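Please read all numbers here as calculations on a predicted model, not as lab measurements.
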Amino acid sequence: KEKKDLKLKTDYFEKAEKSYNDYIDRYKIPFSLGSNVELNKLQKIKWEEHDKKIFAITNNLAYIKYEGKQYEKAREIYLKITNWQMENWTNVNRDEMKKDAYLMLPLTYYKESKWADAIIAYRDAKDRYAASVEAPVIGMRIAECLQNMGDFAGAKLELDASKWALELSN
């Protein structure tokens, strides 16, 4: 039963990926402005709607790769998301939209037991989102990586700092 479920999930992911990639390839819309102010406003709105769709699709593709244990490919896509150009987007918390990618990126290393790389990515996420509710959990993951590397003293320091941050947030 598990193999059948895994096969169905894999088939679904492959179809979704093909559909997503097809959409991205077919509907590339360049952002350009002309001399007509009203037309420019409309073009900007349409481009922004489209770019947000492509961003969501790309995010889904990264998750598909992650779920399919294709961590290197997932990492590549999550990195693309963290570098996504959102300067022309309006009414959006850009940092919050990229948060999932910054939080998933270290997991791609973690799942491959690449502890040092995971620590670097976790620390980057922790620095970016130090005030978020995820920060203590990120610290705990760093501690876990340090422990897996045999750095028990560093792991304890990181864990204690995470506990302290968690207590402060409650």
Side-chain angles (χ1 to χ4, degrees), residues 1-21 23-24 51-87 89 92-170:
K1 175 153 171 59
E2 280 184 36
K3 285 185 179 182
K4 184 178 180 185
D5 289 344
L6 182 62
K7 173 81 171 113
L8 287 172
K9 186 177 181 181
T10 303
D11 289 348
Y12 171 77
F13 280 167
E14 287 173 0
K15 286 177 187 170
E17 181 181 6
K18 185 177 179 330
S19 176
Y20 287 157
N21 284 326
Y23 182 88
I24 290 169
D51 200 46
K52 286 178 180 177
K53 255 186 219 173
I54 297 296
F55 179 86
I57 287 170
T58 304
N59 210 4
N60 287 341
L61 277 173
Y63 184 73
I64 285 170
K65 294 298 182 188
Y66 178 81
E67 279 292 305
K69 298 182 179 10
Q70 296 177 28
Y71 302 120
E72 192 172 324
K73 187 63 177 167
R75 188 167 38 252
E76 197 178 291
I77 298 170
Y78 283 128
L79 278 169
K80 181 179 179 181
I81 291 168
T82 63
N83 294 313
W84 202 275
Q85 299 299 307
M86 298 178 166
E87 291 77 26
W89 289 17
V92 99
N93 184 340
R94 293 167 187 85
D95 205 39
E96 199 59 34
M97 291 198 64
K98 292 183 179 183
K99 185 193 248 182
D100 286 342
Y102 277 107
L103 296 176
M104 290 299 292
L105 192 57
L107 278 174
T108 65
Y109 291 114
Y110 183 89
K111 291 290 190 173
E112 294 178 318
S113 301
K114 294 180 177 178
W115 311 124
D117 292 330
I119 290 169
I120 292 167
Y122 276 127
R123 287 208 168 123
D124 183 35
K126 189 176 176 187
D127 290 347
R128 288 177 183 281
Y129 302 102
S132 74
V133 295
E134 291 90 351
V137 176
I138 294 170
M140 289 178 192
R141 282 291 190 158
I142 293 170
E144 197 175 339
C145 291
L146 289 167
Q147 183 177 359
N148 290 335
M149 292 175 66
D151 183 357
F152 300 107
K156 181 162 178 14
L157 284 173
E158 194 69 48
L159 186 61
D160 289 345
S162 295
K163 285 180 182 176
W164 179 75
L166 194 57
E167 288 171 5
L168 279 179
S169 67
N170 289 330

K126 (side chain) donor-acceptor with A135 (main chain) under 3.5 angstrom: no

Residue among M104, K65, K73 satisfying side-chain contact (heavy atoms from CB on, under 4.5 Å) with Y78: M104

Partners passing salt bridge (Lys or Arg N to Asp or Glu O under 4.0 Å) against E112 (at least two apart in sequence or in another chain): R75, K114

ring-ring contact (aromatic ring centres under 6.0 Å, His included) against F55, all qualifying residues, sequence neighbours excluded: W84, W89

Neighbour count above 12 (heavy atom, 6.0 Å) for Y63 OH: no

Distance-only donor-acceptor hits, side chain of residues 139-150, under 3.5 Å, sequence neighbours excluded:
{"residue": "R141", "atom": "NH1", "partner": "Y110", "partner atom": "OH", "Å": "3.4"}
{"residue": "E144", "atom": "OE2", "partner": "Y110", "partner atom": "OH", "Å": "2.2"}
{"residue": "N148", "atom": "ND2", "partner": "E144", "partner atom": "O", "Å": "3.3"}

CD1-CD1 distance between I138 and I119, expressed to the nearest 0.5 angstrom: 13.5 Å

D127: side chain to side chain donor-acceptor pair (under 3.5 Å) partners, not counting sequence neighbours: none

Test side-chain contact (heavy atoms from CB on, under 4.5 Å) applied to R128 and K98, step by step: CA-CA 11 Å; R128 288 177 183 281; K98 292 183 179 183; over 6 Å; no

Closest approach of I77 to T58 (non-hydrogen atoms, all atoms of both residues): CG2-O, 3.4 Å

Residue pair Q85 / D51: nearest heavy atoms and the distance that separates them: O-OD2, 3.9 Å

Closest contact, heavy atoms only, Y102 versus A125: O-CB, 3.5 Å

Atom pair CD1/CG of I57 and N60 - distance to nearest 0.5 Å: 7.5 Å

Any D117 side-chain heavy atom under 4.5 Å of T108 side chain: no

Heavy-atom closest pair, residues K111 and Y66: CE-OH, 3.0 Å

Pairing residues for D160 by the side chain to side chain donor-acceptor pair (under 3.5 Å) criterion, not counting sequence neighbours: K156

For Y109, ring-ring contact (aromatic ring centres under 6.0 Å, His included) partners two or more places apart: none

